[in-house]
Amino acid sequence: MKYNVNDKGFYGDFGGAFIPEMMYQNIKELKEKYLDIMASDSFKNEFADLLKNYVGRPSPLYFAKRLSEHYNAKIYIKREDLNHTGSHKINNTIGQILIARHLGKKRIIAETGAGQHGVATATVCALFGIKCVVYMGAVDVKRQMPNVLRMKMLGADVIPAESGNKTLKDATNEALRDWINNPIDTHYIIGSVVGPHPYPDMVARLQSVISEEIKWQLKEQTGSESPDYVLACVGGGSNAAGAFYHFLDNDKVKLIGSEAAGLGADTKETAATLATGTPGVLHSSLTMLMQTDDGQIIEPYSISAGLDYPGIGPLHSHLFKTRRASYYSVTDKEALDAAFKLTKLEGIIPALESAHAFALLEQLKFKPNNVVVMNLSGRGDKDMQTYIDQMTNEQTK
Ligand SMILES: *Cc1c(COP(=O)(O)O)cnc(C)c1O
């Protein structure tokens, strides 16, 4: 695997574990044990059973007839939106809680921005009756009350982070502080392919069930297991990593990610990390990130809370640099248009994050017999207020 992480935790120039000494023991334990645990029969059986009977996998791979006619290509949609809790995030949290149990951990912590990862974590903690503490920026707690209430109903303690801008970055700092103080009994569930090694690799492997299924589902429906294109949106990059994973070494499959450009990649209101960023260390990983000349993180902006992140997982920085994958910027407006188009043509209301992937269909040129797989990372229920506002605006124009 040319694109696999090496034993130091690097993908080419990117990755690693730039951690404070006080976190060394926690990371060392995880690094030494995660591969053996994931390769054990007991983990594999439990993971497969829960993905099937609790999450509802395999998620369908659906041939989208009207969308295909519209864009003159053969478009298949991977329905991660149909998973329990409404997105791909549950694949990762199920896997990590099983790993935590194998490690003998009794308590789970997590950070969350919009609350989606917090809900996915609180869900699996309820499932196993394990104590759960979720750190969330105080500003986000106010903005995302429905998810805060979901987490509380699921039994989690939600702790508002009052430092800095009181958003995701500050919640992450609080979670790291907690982990340093509780190294023996606590596992930290990170929500994307970000953070110190081994998290990016561990999360990518847990999400790789997406491309594992795409291969056999495509073979069943078309006779070939490799598509011409795989398209996915990229925040930290976990749904894209999962959708790309089993195609990384097959150069015939074009891999394309979409970043959230916000009001435009050439404006200050953007989250397009690869279009505007430079290499640096964020959350203990050397990767591409949005920073000032003197290395301060630039606050990102996107209409979509799940893509509003100033960095990107080191795997994607590597795929970008080696040109194995291409990344395009998609604005708020383009994503909204794509969400309405998918809804009207296929009767599927996507998450705003996922709509960024569908907006790529406008930017790319296909041949009529090209097979294009779209990863639909989540459903749109949580974004209804944004969609309603958009419809109201259109009417009053
Ligand atoms: C969180 C989220 C994302 C962004 O996270 P990745 O790690 O980049 O996948 C994308 N889509 C949905 C529906 C999400 O909830």
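- The existence of a salt bridge linking E353 and K382 is confirmed by a sub-4.0 Å separation between a basic side-chain nitrogen and an acidic carboxylate oxygen.
- No hydrogens or angles considered: nothing links the side chains of Q96 and Y188 as a donor-acceptor pair under 3.5 Å.
- For H70 and K341, the side-chain atoms include at least one donor-acceptor pair closer than 3.5 Å.
- No side-chain heavy atom of S163 sits less than 4.5 Å from a side-chain heavy atom of N173.
- For I130, the CD1 atom counts as densely surrounded, since its 6.0 Å shell holds more than 12 non-hydrogen atoms of other residues, nucleotides or ligands.
- Smallest separation of non-hydrogen atoms from S211 and G242: OG-O, 2.7 Å.
- Counting heavy atoms from C-beta on, the side chains of L307 and E259 never come closer than 4.5 Å.
- Ion pairing of D157 with K131 is present here, as a side-chain N (NZ or NE/NH1/NH2) and a carboxylate O approach within less than 4.0 Å.
- Contact check for L61 versus V373: side-chain heavy atoms found under the 4.5 Å cut-off.
- Across every non-hydrogen atom of I348 and P350, the tightest pair is O-CD, 3.3 Å.
- A distance of 6.0 Å or more separates the ring centres of F244 and Y3.
- Residue L103 is grouped with residue L50 when hydrophobic side chains (ILVMFWY) are merged at heavy-atom distances under 4.5 angstrom, including chains of intermediate members.
- Heavy atoms of other residues, nucleotides or ligands lying less than 6.0 angstrom from NZ of K105 number more than 12.
- Between the side chain of R324 and the main chain of L319, no donor-acceptor pair closer than 3.5 Å is present.
- Donor-acceptor pairing under 3.5 Å is recorded for the side chains of T278 and Q291.
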**Prompt:** For D178 and N182, what are the C-alpha separation, side-chain angles and deciding distance, and is it a side-chain hydrogen bond (donor to acceptor under 3.5 Å, both in side chains)?
**Reply:** CA-CA 6 Å; D178 180 313; N182 299 284; 3.0 Å; yes

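- Between the side chains of R107 and T186, at least one donor-acceptor pair of N or O atoms lies under 3.5 Å.
- Under the 3.5 Å distance criterion, the side-chain polar atoms of Q363 are matched with a main-chain donor or acceptor of S329.
- To the nearest 0.5 Å, atom CG of residue L51 and atom CD of residue E46 are 11.5 Å apart.
- Note that OG of S284 and CG of L176 are 6.0 Å apart. Values are rounded to the nearest 0.5 Å.
- A donor-acceptor contact closer than 3.5 angstrom links the side chains of E346 and Y62.
- A salt bridge does not link D140 with K166: every distance from a Lys NZ or Arg NE/NH1/NH2 to an Asp or Glu carboxylate oxygen is 4.0 Å or more.
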**Request:** Kindly determine whether V193 and Q207 satisfy side-chain contact (heavy atoms from CB on, under 4.5 Å), including the steps that lead there.
**Result:** CA-CA 9 Å; V193 285; Q207 292 291 1; 5.9 Å; no

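- Side-chain contact, N91 with R57: a donor N or O sits under 3.5 Å from an acceptor N or O.
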Side-chain atoms of residues 293-301: list all donor-acceptor pairs with protein atoms under 3.5 Å, sequence neighbours left out, distances to 0.1 Å.
residue : atom : partner : partner atom : Å
D294    : OD1  : T292    : OG1          : 2.8
E299    : OE2  : N165    : ND2          : 2.8
Y301    : OH   : D332    : OD2          : 2.6

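- Here the shortest heavy-atom pairing between V234 and G257 reads CG2-CA, 4.0 Å.
- Proximity of a side-chain donor or acceptor of T112 to a complementary backbone N or O of G118 within less than 3.5 Å is detected.
- Taking SG of C233 as the reference point, atom CG of N375 lies at 7.5 Å (rounded to 0.5 Å).
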**Asked** Where do E362 and Y71 land on the side-chain hydrogen bond (donor to acceptor under 3.5 Å, both in side chains) test, with the steps shown first?
**Response** CA-CA 8 Å; E362 297 283 335; Y71 288 108; 2.7 Å; yes

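- A salt bridge links K78 to E213: one of the charged nitrogens lies within less than 4.0 Å of a carboxylate oxygen.
- Comment: E220 does not engage K215 in a salt bridge, judged by the lack of any side-chain N to carboxylate O separation of less than 4.0 angstrom.
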**Message:** For a side-chain hydrogen bond (donor to acceptor under 3.5 Å, both in side chains) check, start with the C-alpha distance between D49 and N53, then their side-chain angles and the critical distance, and finish with the verdict.
**Reply:** CA-CA 6 Å; D49 176 64; N53 297 311; 2.7 Å; yes

**Message:** Working note: Q395 + T392, criterion side-chain hydrogen bond (donor to acceptor under 3.5 Å, both in side chains); need CA distance, chi angles, decisive distance, verdict.
**Reply:** CA-CA 5 Å; Q395 271 166 14; T392 319; 5.6 Å; no

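- D337 CG to Q390 CD: the interatomic distance, rounded to the nearest 0.5 Å, is 7.0 Å.
- Counting non-hydrogen atoms of other residues, nucleotides and ligands closer than 6.0 Å to OH of Y24 gives a total of 12 or fewer.
- Contact of the T85 side chain with the V55 side chain is not registered, since no non-hydrogen atoms from C-beta on lie closer than 4.5 Å.
- Scanning both residues, P196 and I190, for their nearest heavy atoms gives CD-CD1, 4.4 Å.
- Salt-bridge check for D228 with K252: failed, with every basic side-chain N at 4.0 Å or more from each acidic carboxylate O.
- In this pair, H187 and W179 present their aromatic rings perpendicular. The plane angle is above 60°, beyond the 30 to 60° band.
- At least one donor-acceptor pair closer than 3.5 Å links the side chain of S40 to the backbone N or O of F43.
- Atom CD1 of I184 sits in a sparse spot, with 12 or fewer heavy atoms from other residues, nucleotides or ligands closer than 6.0 Å.
- Side-chain contact between T273 and Y309 is absent, with no heavy atoms from C-beta onward closer than 4.5 Å.
- The shortest side-chain heavy-atom distance between Y229 and L255 does not fall under the 4.5 Å cut-off.
- Ion pairing between a basic and an acidic side chain is recognised when a charged N comes within 4.0 Å of a carboxylate O; R205 and E212 show no such pairing.
- Looking at S238 and H88, their side chains do bring a donor and an acceptor atom within 3.5 Å of each other.
- Between the side chain of H117 and the main chain of I189, a donor-acceptor pair closer than 3.5 Å is present.
- In this structure, P200 and P314 have side chains that are in contact, with non-hydrogen atoms separated by less than 4.5 Å.
- Scanning all heavy atoms of the two residues, the minimum distance from T167 to R143 falls at CG2-NH2, 3.8 Å.
- The distance from the CG atom of D381 to the CD1 atom of I349 is 7.5 Å, given to the nearest 0.5 Å.
- The shortest distance between side-chain heavy atoms of H84 and Y54 falls below 4.5 Å.
- Ring pair Y11/H318 is tilted by interplanar angle, where 30° to 60° counts as tilted.
- With respect to E174 and R177, a salt bridge is recorded, a charged nitrogen being found less than 4.0 Å from a carboxylate O.
- Inspection of the S377 and E80 side chains reveals no N or O donor paired with an N or O acceptor under 3.5 Å.
- A338 and F358 get closest at one heavy-atom pair: CB-C, 3.9 Å.
- Criterion: ILVMFWY side-chain heavy atoms under 4.5 Å apart, direct or through other members. Under it, F47 and Y199 are part of a common hydrophobic cluster.
- Using modelled atom types, one side-chain atom of H316 and one backbone atom of G237 make a donor-acceptor pair closer than 3.5 Å.
- Under the 3.5 Å distance criterion, with hydrogens and angles disregarded, no donor-acceptor pair is assigned to the side chains of T93 and T121.
- A distance of 6.0 Å separates CG in N4 from CG in D201, rounded to the nearest 0.5 Å.
- Within a 6.0 Å radius of CE in M145, other residues, nucleotides and ligands contribute more than 12 heavy atoms.
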